[in-house]
Amino acid sequence: MRWYWFDQFTEFESGRRAVAVKQVIFTGEECRDYVPGFPVYPSSLIVEGMAQIGGILVGWDDEFRENIVLAKVSKATFHDYARPGDQLKITVDVQDIRPEGAFASGTCHVGEKLLAEVDLCFAYIGERVFAGKTIDAADWARLVRNAGVLAVGKDAEGNRLTLQGRLLEAMAQTTYPSDGCCRF
């Protein structure tokens with residue numbers, strides 16, 4: 001992923017539920033250029049944010065070993081617009097995780113006002129689709145750390161989430177360029 005359409009996780013329960021926030025800004029070109037003269041946040045980016053949050057939630061379950069993609073949006077209902085200055089609260093609940101993929105539902109609120117309801121279907125796709133390539137484990141590890149998963153995340157027993165297995169190994173082997181920048 002190149003762009004992330006959420007800012008920070010505020011809740012993350014492994015394999016079950018995640019809540020993240022997104023601040024809709026006045027200077028964002030996605031608001032300014034979407035409907036000229038009527039600055040609103042595109043509904044498609046709300047869906048994309050839910051898909052990204054859901055993908056991370058489902059991917060955490062197997063340490064991001066599988067390539068997971070949004071396969072289908074089976075329902076998308078929009079009740080109002082998101083406008084610059086709004087803080088979106090995006091909640092994604094996993095309904096079912098199977099060997100071939102997962103189902104999730106999401107909502108988006110501004111304060112108490114419901115903006116959107118979405119049902120999502122994710123599919124695991126094999127290495128053949130990506131010519132044997134998967135997203136680098138260190139990139140996933142940086143994403144979950146920077147997005148706040150490790151700060152707020154809990155497992156099913158309520159224990160704090162930590163990097164383990166391949167994500168922890170990848171981070172230990174990561175070197176950063178001398179200019180202080182990283183690939184993430």
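Note: hydrogens, waters and symmetry copies are ignored here, and every other heavy atom, side chains too, is used. Heads up: numbering here begins at 1 and tracks the sequence.
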Candidate pair Val144 and Leu163, rule side chain to side chain contact (heavy atoms under 4.5 Å, CB included), full reasoning: CA-CA 9 Å; Val144 298; Leu163 290 179; 3.9 Å; yes
Transitively linked via ILVMFWY side-chain contacts under 4.5 Å: [X] with [Y]?
| X | Y | value |
| --- | --- | --- |
| Leu114 | Val19 | no |
| Val69 | Phe103 | no |
| Val47 | Val21 | no |

Determine whether Thr91 and Arg17 satisfy the following criterion, side chain to side chain contact (heavy atoms under 4.5 Å, CB included), listing intermediate values before the conclusion. CA-CA 7 Å; Thr91 303; Arg17 180 174 199 262; 3.5 Å; yes
If you take all heavy atoms of [X] and [Y], which pair is closest and at what distance?
| X | Y | result |
| --- | --- | --- |
| Val92 | Ala104 | CG1-CB, 3.9 Å |
| Leu57 | Ala18 | CD2-N, 3.8 Å |
| Ala123 | Ala71 | CB-CB, 3.9 Å |
| Gln95 | Ser105 | NE2-OG, 2.8 Å |
| Ala116 | Ile46 | CB-CG2, 4.3 Å |
| Ile90 | Met50 | CG2-CG, 3.4 Å |

If you define the side chain from C-beta out and look only at heavy atoms, does anything of [X] sit under 4.5 Å from [Y]?
| X | Y | answer |
| --- | --- | --- |
| Arg16 | Val94 | no |
| Val73 | Leu120 | yes |
| Thr10 | Val152 | no |
| Ile53 | Trp5 | no |
| Phe12 | Leu161 | yes |
| Leu167 | Trp60 | yes |
| Trp140 | Glu63 | no |
| Leu115 | His79 | no |

Heavy-atom count check: over 12 atoms from other residues, nucleotides or ligands less than 6.0 Å from Lys154 NZ?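 Correct, the count exceeds 12.
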Mark yes when over 12 heavy atoms from residues, nucleotides or ligands other than Tyr81 sit less than 6.0 Å from its OH; otherwise mark no. no
To the nearest 0.5 Å, what is the distance between [atom1] ([X]) and [atom2] ([Y])?
| X | Y | atom1 | atom2 | answer |
| --- | --- | --- | --- | --- |
| Lys113 | Cys108 | NZ | SG | 10.5 Å |
| Leu70 | Glu48 | CG | CD | 7.5 Å |
| Lys89 | Thr107 | NZ | OG1 | 8.0 Å |
| Asp61 | Ile68 | CG | CD1 | 9.5 Å |
| Leu88 | Gln23 | CG | CD | 8.0 Å |
| Asp96 | Phe122 | CG | CZ | 13.0 Å |

Carefully, step by step, assess Arg98 and Tyr124 under the rule side chain to side chain contact (heavy atoms under 4.5 Å, CB included). CA-CA 9 Å; Arg98 300 177 182 183; Tyr124 294 118; over 6 Å; no
Stepwise, does the side chain to side chain contact (heavy atoms under 4.5 Å, CB included) test hold for Ile56 with Phe6? CA-CA 12 Å; Ile56 293 166; Phe6 66 92; 3.7 Å; yes
Given 3.5 Å as the limit, does a donor-acceptor pair link the side chain of [X] with the main chain of [Y], or not?
| X | Y | answer |
| --- | --- | --- |
| Arg166 | Phe64 | yes |
| Arg160 | Leu150 | yes |
| Gln8 | Ala147 | yes |

